[in-house]
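Just so you know, residue 1 is the first one in the sequence shown, and it goes up from there. Just the heavy atoms: all of them, side chains too, but no hydrogens, waters or symmetry mates, feed the values below.
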Amino acid sequence: MSLLSIVVPCFNEEETIVIFYNEVLRIAPEISADIEFRFVDDGSRDGTLQVLRDLSRQDARVHYVSFSRNFGKEAALYAGLKSAAGDFVATMDVDLQDPPSLLPEMWQLVHGEDETDCVATRRKTRKGEPVLRSFFANLFYRIINKMSDTKIENGARDFRLMNRRFVNAVLDDKEYCRFSKGIFSWVGFNVKYLAYENVERSAGTTKWSFWKLFRYSIDGVLAYSCVPLYLCSVAGLVSSVCAAFALVFVIVRAALFGDPVAGWPSMTCIIILLGGLNLLGIGIIGLYVSKIYLETKKRQQYIVREEN
């Protein structure tokens, strides 16, 4: 039989791990494959690691990797994919917002006659989320799909089932500043999307604050689009043209009507506007340079403290 590896990043999820484990075992008979669990403890500060230790003693199919500190979900996903031994790999959140009940259908789709390499999931709606977060999430997908040639499905989740060919392609991408949603889309292959209604967490609280999501969205734009750099150039060109016309206007007015008393408020506004544009352009360029800096340092994606 084939082996299905289920990769599960965890950060302070002691309340949800056993619930998730039992739910997967409940639907496991509907999948014609052996199953192994690949939990990744992303430097949790609660009892997550102890729960994983206990589970691994009870069930030899449970494997875990524990980081020396919190390296982030992207590093945890990468570590889980690297450790997964399965012919097929599923990546899931442990809080049951990625419903294990969808796995049998995903398994059937990836084994269909159309040679699907990956079955991904997306949410139909964001029901249950704060209105402001939903608004900015939808705005992010609209912006990045306008800016980038790598299209990302609106509402796409990291919950997906992939064959080994797809997983190897993702692992071959060695970049340090990873944006998995973009990588999954960029590698191509034959991908099917499965839509489902938004599901509330089974326990605990989300670890994604609005600020973290905002930073994550910026990382996504920087990773898969150079449009912000072009916009800086366009803004600089437009400002230069406007300044040239303004200079001609001042000269002509002075020649025809003399030199009136200069208005300092308008001059101040112009200086502030141009200064702001300069700082915006420098800031955007600085973000790209910072990503180059991190990539060239070639630091480890993560450091393992313990694994079974």
Looking at every heavy atom in both Ile35 and Phe37, which two are closest together, and how far apart are they? CG2-CE1, 4.3 Å

Any chance you could measure Met106, atom CE, to Thr121, atom OG1, to the nearest 0.5 Å? 5.5 Å

Can you list the residues that meet the ring pair (Phe, Tyr, Trp, His ring centres under 6.0 Å) rule with Phe159, with sequence neighbours excluded? none

Does any donor atom in the side chain of Asp54 or Gln50 lie under 3.5 Å from an acceptor atom in the other side chain? yes

Side-chain contact test, heavy atoms from C-beta onward, threshold under 4.5 Å: evaluate it for Asp34 versus Leu4 and give yes or no. no

Mind checking ring pair (Phe, Tyr, Trp, His ring centres under 6.0 Å) for Phe189 and listing every partner two or more places apart, or none if nothing turns up? Phe166

Does the Glu307 side chain pair with the main chain of Val65, one donor and one acceptor, at a distance under 3.5 Å? no

Hey, does Val62 have a side-chain heavy atom less than 4.5 Å from the side chain of Arg38? no

Residues Asp158, Lys73: salt bridge by 4.0 Å N-O rule: yes

Can you see which heavy atom on Glu306 is nearest to which on Tyr64, and at what distance? OE2-OH, 2.6 Å

Do Val170 and Val191 land in one hydrophobic cluster if side-chain heavy atoms of ILVMFWY residues count as linked below 4.5 Å? yes

Spacing of Asp46 atom CG and Phe11 atom CZ [to the nearest 0.5 Å]: 8.0 Å

Decide whether Glu13 and Thr48 meet the rule of one side-chain donor and one side-chain acceptor closer than 3.5 Å. no

Would you compute the distance between atom CE of Met92 and atom CD of Glu23 and round it to the nearest 0.5 angstrom? 9.0 Å

Donor-acceptor pair between Asp42 and Asn70 side chains, under 3.5 angstrom: yes

Within a strict 4.5 Å, meaning less than it, do heavy atoms of the Tyr196 and Arg157 side chains meet? yes

By ring pair (Phe, Tyr, Trp, His ring centres under 6.0 Å) - contacts of Tyr302 (at least two apart): Phe67

Could you walk me through whether Glu36 and Leu3 pass the side chain to side chain contact (heavy atoms under 4.5 Å, CB included) check? CA-CA 7 Å; Glu36 68 165 6; Leu3 176 63; 4.1 Å; yes

Any donor-acceptor pair under 3.5 Å from Ser2 side chain to Ala33 backbone: no

Indicate yes or no for a side-chain donor-acceptor contact from Ser44 to the backbone of Asp41 under 3.5 Å, with no hydrogens or angles considered. no

Donor-acceptor pair, distance only, cut-off 3.5 Å: does the side chain of Asp59 make one with the backbone of Arg61? yes

Ala84 backbone acceptor or donor facing Ser5 side chain under 3.5 Å: no

Path from Leu77 to Val304 over hydrophobic side-chain contacts below 4.5 Å: no

So do the side chains of Leu81 and Val89 get within less than 4.5 Å of each other, counting heavy atoms only? yes

Nearest 0.5 Å please: distance from the CG atom of Leu49 over to the CZ atom of Phe39. 12.5 Å

State, to 0.1 Å, how close Arg160 and Cys118 come at their nearest heavy-atom pair, and which atoms those are. NH1-SG, 3.5 Å

Return the minimal non-hydrogen interatomic distance between Asn163 and Thr116, and the atom names on each side. ND2-O, 4.1 Å

With the side chain counted from C-beta on, respond yes when Leu161 and Trp107 share a heavy-atom pair under 4.5 Å apart, and no when they do not. yes

Considering the options Met162, His111, Arg164, which one meets the side-chain contact (heavy atoms from CB on, under 4.5 Å) requirement together with Phe88? His111

Side chains of Arg45 and Asn12: does their closest heavy-atom pair fall under 4.5 Å? yes

Hey, are the side chains of Leu194 and Leu102 touching, using non-hydrogen atoms and a 4.5 Å cut-off? yes

Value rounded to 0.5 Å, distance of CG in Asn308 from NE2 in His63: 6.5 Å

Check Leu25, Asp98, Ile6 against Phe20 for a side-chain contact (heavy atoms from CB on, under 4.5 Å) and give me the one that passes. Ile6

Which atom names give the shortest non-hydrogen contact between Ala79 and Val40, and what distance separates them? CB-CG1, 4.4 Å

Compare every heavy atom of Pro104 with every heavy atom of Ile31, then report the nearest pair and how far apart it is. CG1-CA, 4.1 Å

So how far is it from Arg165 CZ to Asp87 CG, rounded to the nearest 0.5 Å? 13.5 Å

Considering only heavy atoms from C-beta outward, does the side chain of Ile19 approach that of Leu96 to under 4.5 Å? yes

